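Just so it is clear, the model here is predicted, and its values are computed rather than measured. Just so it is clear, the values below take in all heavy atoms, side chains as well, and ignore hydrogens, waters and symmetry mates.
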Amino acid sequence: MYGSDKGTDDAERTAFRRAEKKYKLYYDDTYKSSKKKKLPKQVDLSEVIDFKRILECYNQDGALPLGVNATKCDLDGPVFCLENRPGFYFIPGALSLEEQCQWIRESLKDFPQPPNRTNHNAIYGPIQDLFIAAKEKRVLVEDNEISASNVDSDTEPSLINGNSNGWKFVEENTVSSRRGTCKSVPASALLRKLRWSTLGLQFDWSKRSYDISLPHNEIPSALCQLTKRMAAAAMPTGEEFKPEAAIVNYFASGDTLGGHLDDMEADWSKPIVSMSLGCKAIFLLGGKSRQDPPVAMFLRSGDVVLMAGEARECFHGVPRIFTDEESEEISLLEKRFSSRDDLHFLEYIRTSRININIRQVF
């Protein structure tokens, strides 16, 4: 995602880039030539803010670390702020376990459904029921007959067996009989390579703007209501948040999200509402320049972050997710997904993180 670091000295990197490199996942190459499982290199986490721990201390005796403030709003617990990052709010454990499970299920089954767009659209077109196809061990194959029938057609290609643009899902044994005669990719591999999907108003990545003409599914009402409740702490007095668009990011082990700004919405006084699901991550919150040293903090499943006003001008990113058993901190989710019907959600979330970012566009 970041490009090569070869020939780049630490002194030449920005402060944000140095922090990304510090926390990024690297493997110990001590056993490079052996068959032993690669182990992550140890990293110093002593400077990473832990709002879960801060909440525990605050509930016990009201104590807060220097530079951290707490405010009350219409939520079950406090909302924490950083004195040197106005407009940034952290709500630890904001989502109940039931809400976490609900939005993990919908993020995998429903949110990638057409006409919502995903990173797979550019190659395969809209893919219907990807999670179900992965669960059933189906394979996406290029169907030349479908492709040929869509040539010179003035109409949009119809969904055939769940897909358009000449691709369809078939049984795994069907592919073996056609091996070498068509392109194919397992649905499970596509699910693992799912990086983003969009809800509500669709974002055109090529133009870096929202395209209100694109067809889309509305953001679910329950998610809208939840978002409005969470956003209240960061909203201007007397105004209510209007959820109009969302981007869902999917992270696997080793994935990162480089330092960036979310700057395409019209009114930056309105917050971005960011919900974390699944494995624990490190979040970097920088300043208005990449040269400003960022603050690192842990994000756990159920945490909610709000960024409004000046915080919208701050670079931010995710350099690391933790998927090892000691650090992932998803034991409660594992218990909840332990039933037979939920095993595929369990398999996915054990090594993944999902982030739902909801925005008011206008």
Side-chain angles (χ1 to χ4, degrees), residues 1-26 43-51 54 65-69 79-91 195-196 203-210 231 233-236 245 247 249 251 254-274 276 281-299 303-321 353 355 357-361:
M1 175 172 286
Y2 304 115
S4 174
D5 284 335
K6 292 181 179 179
T8 303
D9 187 82
D10 262 2
E12 299 175 26
R13 297 189 180 98
T14 64
F16 199 99
R17 183 66 189 96
R18 288 195 295 272
E20 289 177 320
K21 185 174 183 291
K22 173 181 177 179
Y23 293 114
K24 186 179 178 181
L25 175 64
Y26 293 101
V43 59
D44 181 6
L45 301 175
S46 60
E47 296 180 350
V48 181
I49 298 175
D50 190 340
F51 280 104
I54 290 174
L66 188 66
V68 176
N69 294 324
V79 177
F80 295 111
C81 313
L82 298 178
E83 290 181 359
N84 61 355
R85 295 293 190 277
F88 175 81
Y89 304 84
F90 196 109
I91 315 174
R195 291 294 172 263
W196 56 263
F203 190 78
D204 187 331
W205 297 94
S206 62
K207 299 177 181 178
R208 280 189 53 76
S209 64
Y210 288 94
M235 285 295 291
I247 298 175
N249 297 117
F251 297 81
D255 286 346
T256 61
L257 183 62
H260 66 284
L261 298 176
D262 294 301
D263 55 1
M264 300 312 299
E265 291 74 37
D267 185 354
W268 288 9
S269 71
K270 308 301 190 297
I272 286 180
V273 182
S274 178
S276 290
I282 289 179
F283 177 73
L284 294 179
L285 177 64
K288 297 180 182 180
S289 165
R290 293 181 188 272
Q291 296 292 351
D292 297 327
V295 178
M297 63 196 76
F298 290 120
L299 282 174
D303 290 343
V304 170
V305 162
L306 310 174
M307 295 180 68
E310 288 188 40
R312 291 289 300 266
E313 303 177 59
C314 294
F315 283 91
H316 56 280
V318 179
R320 176 78 173 265
I321 73 163
R353 174 179 180 263
N355 181 227
N357 295 279
I358 305 98
R359 299 115 187 280
Q360 180 171 326
V361 177

Determine whether Asn69 and Glu83 satisfy the following criterion, side-chain contact (heavy atoms from CB on, under 4.5 Å), listing intermediate values before the conclusion.
CA-CA 7 Å; Asn69 294 324; Glu83 290 181 359; 3.2 Å; yes
Take Val295 and Arg85 through the test side-chain contact (heavy atoms from CB on, under 4.5 Å) and record every step on the way to the result.
CA-CA 10 Å; Val295 178; Arg85 295 293 190 277; 3.9 Å; yes
Verify side-chain contact (heavy atoms from CB on, under 4.5 Å) between Val318 and Thr256, making sure each step is shown before the conclusion.
CA-CA 6 Å; Val318 179; Thr256 61; over 6 Å; no
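Using a 4.5 Å heavy-atom threshold, the side chains of Val305 and Tyr89 count as separate. Under the 4.5 Å side-chain criterion, counting only non-hydrogen atoms from C-beta, Asp255 is not in contact with Ile321. At a threshold of 4.5 Å between non-hydrogen side-chain atoms, the residues Phe90 and Leu299 count as touching. Side-chain contact between Arg13 and Arg18 is present, with at least one heavy-atom pair separated by less than 4.5 Å. Residues Asp303 and Ile91 are not in side-chain contact: their nearest non-hydrogen atoms beyond the backbone lie 4.5 Å or more apart.
A distance of 8.5 Å separates CE of Met264 from OH of Tyr210, quoted to the nearest 0.5 Å. We find the CZ-CG distance between Arg320 and Leu45 to be 7.5 Å, quoted to the nearest 0.5 Å.
Remark: Phe80 engages Phe51, Tyr58 in a ring-ring contact (aromatic ring centres under 6.0 Å, His included) (not counting sequence neighbours). Shown here are the ring-ring contact (aromatic ring centres under 6.0 Å, His included) partners of Phe88, two or more places apart in sequence or in another chain: there are none. Taking the side chain to side chain contact (heavy atoms under 4.5 Å, CB included) definition, one finds that Asn84 meets it with Leu82, sequence neighbours left out. Legend: residues meeting salt bridge (Lys or Arg N to Asp or Glu O under 4.0 Å) with Asp263, ordered by chain and number and at least two apart, are Arg208.
Minimum heavy-atom separation, Ala231 to Pro271: CB-CG, 4.0 Å. Nearest heavy atom pair, residue Lys270 against residue Ala308, reads C-CB, 4.2 Å. Taking each heavy atom of Tyr23 and Glu47 in turn, the nearest pair found is OH-CB, 4.2 Å. Heavy atoms only, all atoms of each residue included: Leu257 and Glu20 are closest at O-OE2, 4.5 Å.
For the residue pair Ser276/Arg353, the side-chain donor-acceptor check at 3.5 Å is satisfied. Between Asn357 and Ser274, the side chains place a donor N or O and an acceptor N or O closer than 3.5 Å (distance only, hydrogens not considered).
Residue pairs meeting the side chain to side chain donor-acceptor pair (under 3.5 Å) criterion with at least one member in residues 305-319, sequence neighbours excluded, are His260-His316, Asp262-His316, Glu265-Arg312.
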Name the atoms and distances for all side-chain donor-acceptor pairs under 3.5 Å in residues 281-290, with sequence neighbours left out.
{"residue": "Ser289", "atom": "OG", "partner": "Gln291", "partner atom": "N", "Å": "3.0"}
{"residue": "Arg290", "atom": "NH1", "partner": "Gly259", "partner atom": "O", "Å": "3.2"}
{"residue": "Arg290", "atom": "NH2", "partner": "Gly259", "partner atom": "O", "Å": "3.3"}

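Side-chain atoms of Arg195 do not come within 3.5 Å of backbone N or O of Phe251 as any donor-acceptor pair.
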